[in-house]
Amino acid sequence: LQSELTSVKNELSELKMEVAQLRKEASSPFNSPAASMPLRKRRTSLMTQLLGMSGKENPNNDIIVCGLIYIDTKGVGLDLNRVKNTLLNRLLVMPRFRSRLVYKGYTNKAYFDPIALQDMDFSYHIQVALNHGNPNNEDVSNYVSEMLGSGLDFDKPLWKMSIIPQLDDGRALVISFISHTIADGVSQVEVLRRVLDYVEGQNSKPPKKRRKFPPLKKRFGAFVGGVADGILLPFSRPDPKTSLRLKNPLNPSAGMRFATSSKLDLNMCKDIKNKIYGATLNEVFVMILSIAVRRYFEARQEKLPKINAMIPFSLRGRNGSPFKNGDPHNDFALLRFPIFLQYDDVIDLYSKIKARSDYLKLSPAPYVSLASLRALVALVPSQRIINRMAKRVASTATFTLSNVAGPQEKVTLAGYEVDDLAFQLIAPLGIYIGILTYAGEVSMSVNMRSELGDPSEILKHWDGSFQEVYDTIMAFDDLIDPEIHKSRKASKKAVSDTKSTL
């Protein structure tokens with residue numbers, strides 16, 4: 001019996017070793033679904049072609065989306081191999097993550113040229129960083145700035161991931177550097193969703209919204225104005241020189257600095273939205289941002305300028321998919337959105353933001369501007385001239401602004417709970433401001449060129465600006481209709497003017 005028991009134990013030990021080997025093989029990227037997918041060269045969109053040429057010409061002009069995924073390891077440490085294999089298995093099923101961006105022909109048409117998995121340099125794409133000691137936020141900021149400044153290698157697929165095993169607060173951090181040539185913001189959010197896992201029983205899909213159609217007169221006016229805006233966008237006048245504008249926007253410096261604000265309660269932001277007739281969360285966020293930027297200029301005793309933000313506008317339509325053929329892509333156009341710094345009160349500020357927002361939702365400007373860009377590319381033979389024209393248009397605004405709707409429930413990465421998310425963008429403009437919602441909280445990130453100063457000088461006004469909006473709006477007893485409020489205010493002013501005249 002003792003001999004048979006020993007034999008069974010040996011067989012069990014061999015089975016465990018076989019199972020461990022099978023698990024190891026299953027987790028290897030060479031045995032993932034990506035390994036059996038057919039390789040196919042794919043032509044890119046015009047926006048991808050322009051983005052790639054800009055970065056290839058000058059690394060400081062490369063547009064890279066940087067995501068920071070903070071992981072709660074519960075004090076047990078991070079299994080680096082498990083995290084690495086999860087990232088590779090999830091990313092490599094998307095063809096653009098195993099393809100190089102190449103240009104061919106006289107017109108420099110861009111293609112994603114796939115490469116075999118065995119030819120990929122995984123030590124470049126997945127790196128362990130800052131693993132000596134416990135780095136703090138400043139160390140992470142310096143590391144991200146250094147990585148963004150060095151750009152990505154165009155001889156390889158344009159992405160890489162850095163894993164920091166342990167920060168000074170005990171959490172781990174995964175940092176993604178993904179070129180904008182791979183995907184725009186909408187697609188990159190979907191990439192994030194496919195890398196992460198939702199807790200069982202939670203719904204990751206956002207609720208569907210009913211579409212409202214405004215009066216025909218309003219739609220016609222927006223159509224005519226939008227056509228003009230789209231055609232004239234390349235000839236837009238640059239924003240005035242301020243402390244937030246680069247001295248030479250067409251040739252930005254390499255140094256970057258970034259910071260993230262404190263968290264706001266998303267439900268409190270929804271309370272503001274629900275108190276104003278017809279409001280959206282995006283409009284509430286822009287309202288808070290506008291007040292914060294105004295406070296920044298007032299603190300510096302600068303004259304309040306008329307400035308604009310450059311915003312990416314998705315062309316997918318209401319039910320458009322962020323992926324095509326299982327791959328992320330770029331499908332957007334750039335629009336200028338005014339940041340209103342001169343207003344009478346919070347309601348007046350909201351009315352201005354609402355009017356412009358409704359106009360852009362009806363306007364064909366993004367489609368017309370993209371069509372105009374295609375026409376220019378066809379007419380101008382020099383790619384260098386086209387790049388310079390595109391950068392000139394993008395640099396007419398003061399900063400780039402985007403709003404990322406992250407998962408609204410807690411998610412996991414390789415089995416570890418994701419404690420927090422943040423996004424940054426390096427772009428030709430001196431400043432990127434990103435507003436992110438995740439798991440019931442809202443935060444703002446600012447990434448700016450070092451020559452413009454410290455991003456915390458803007459972020460320190462974030463909480464106070466939110467409180468001003470919240471206190472003002474919630475002080476009203478009834479639902480606020482900005483049009484009625486505006487007309488009542490005008491009537492009171494007329495009565496006051498009449499009394500003073502008498």
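To the nearest 0.5 Å, atom CD of residue Gln467 and atom CG of residue Leu264 are 9.5 Å apart. Interatomic distance, Arg257 CZ to Ser450 OG, rounded to the nearest 0.5 Å: 6.5 Å. Between atom OH of residue Tyr70 and atom CD1 of residue Ile164 there is a gap of 8.0 Å, rounded to the nearest 0.5 Å. Remark: Leu173 CG to Asp420 CG distance equals 10.0 Å, nearest 0.5 Å. Atom CG of Leu341 sits about 6.0 Å away from atom CG of Leu304, to the nearest 0.5 Å.
A donor-acceptor pair is defined here as one N or O able to donate and one able to accept, closer than 3.5 Å; such a pair exists between the side chain of Asp348 and the backbone of Asp344. Panel note: side chain His329, backbone Pro322; a donor-acceptor pair is recorded below 3.5 Å. One N or O on the side chain of His125 and one on the backbone of Trp159 form a donor-acceptor pair closer than 3.5 Å. At distances below 3.5 Å, at least one donor-acceptor pair connects side-chain atoms of Gln188 with backbone N or O atoms of Ala183. At least one donor-acceptor pair under 3.5 Å links the side chain of Arg96 to the backbone N or O of Pro328. The backbone N or O of Gly67 lies less than 3.5 Å from a partner atom in the side chain of Ser176, making a donor-acceptor pair. Listed for the Lys156 side chain is no donor-acceptor partner under 3.5 Å among the backbone atoms of Arg98. Side-chain atoms of Lys275 come within 3.5 Å of backbone N or O of Phe476 as a donor-acceptor pair. Side chain of Ser363 to main chain of Tyr359: no donor-acceptor pair is present (N/O by atom type, distance under 3.5 Å, no hydrogens or angles). Not a single donor-acceptor pair under 3.5 Å links the side chain of Thr472 to the backbone N or O of Val469.
In the model, Ser99 has no side-chain atom that pairs as donor or acceptor with a side-chain atom of Tyr111 under 3.5 Å. Tyr438 and Ser443 share no donor-acceptor pair across their side chains, judged by distance under 3.5 Å alone. Of the N and O atoms on the side chains of Ser243 and Tyr296, at least one donor lies less than 3.5 Å from an acceptor on the other residue. Residues Asp454 and Ser456 bring a donor and an acceptor atom of their side chains to less than 3.5 Å of each other.
Contact detail for Ile175 and Leu68: the closest heavy-atom pair is CG2-CG, 4.4 Å.
Under the side-chain contact (heavy atoms from CB on, under 4.5 Å) criterion, Arg336 pairs with Leu233, Ser236, Asp239, Asn308, Met310, Thr396, sequence neighbours left out. By the side chain to side chain donor-acceptor pair (under 3.5 Å) test, Gln342 pairs with no residue at all, sequence neighbours left out.
Other residues, nucleotides and ligands contribute more than 12 heavy atoms inside 6.0 Å of the CG atom of Asp271. Atom OH of Tyr124 has more than 12 neighbouring heavy atoms from other residues, nucleotides or ligands inside a 6.0 Å radius. For Lys303, the NZ atom sits in a loose shell: 12 or fewer heavy atoms of surrounding residues, nucleotides or ligands are nearer than 6.0 Å.
Side-chain atoms of Arg194 and Met94, non-hydrogen and from C-beta on, do get closer than 4.5 Å to each other. Side chains of Asp184 and Val65 form no contact here, defined as non-hydrogen atoms less than 4.5 Å apart. The shortest side-chain heavy-atom distance between Lys263 and Val442 does not fall under the 4.5 Å cut-off. Side-chain contact between Ser445 and Tyr432: absent, with no pair of heavy atoms (C-beta onward) separated by less than 4.5 Å. For the pair Arg245 and Thr242, the minimum side-chain heavy-atom distance is below 4.5 Å. Inter-residue side-chain proximity for Phe97 and Ile178 is flagged as met; some heavy-atom pair is nearer than 4.5 Å. Put simply, the side chain of Phe337 does not reach to within 4.5 Å of the side chain of Leu401, judged on heavy atoms. With contacts defined as side-chain heavy-atom distances shorter than 4.5 Å, the pair Tyr143/Leu130 qualifies.
Each of Ile288, Val286, Asn282 was checked for a side-chain contact (heavy atoms from CB on, under 4.5 Å) with Val284, and the lone residue meeting it is Ile288. Each of Ile353, Asp345, Ile347, Val346 was evaluated against Leu349; a single residue qualifies, Ile353, per the side-chain contact (heavy atoms from CB on, under 4.5 Å) test. Among Glu302, Glu468, Glu457, the one residue that satisfies the salt bridge (charged side-chain N to carboxylate O under 4.0 Å, His left out) test with Arg295 is Glu468.
Note that Arg294 lies in the cation-pi zone of Tyr343, set by a 6.0 Å cut-off to the ring centre and a 45° limit from the axis.
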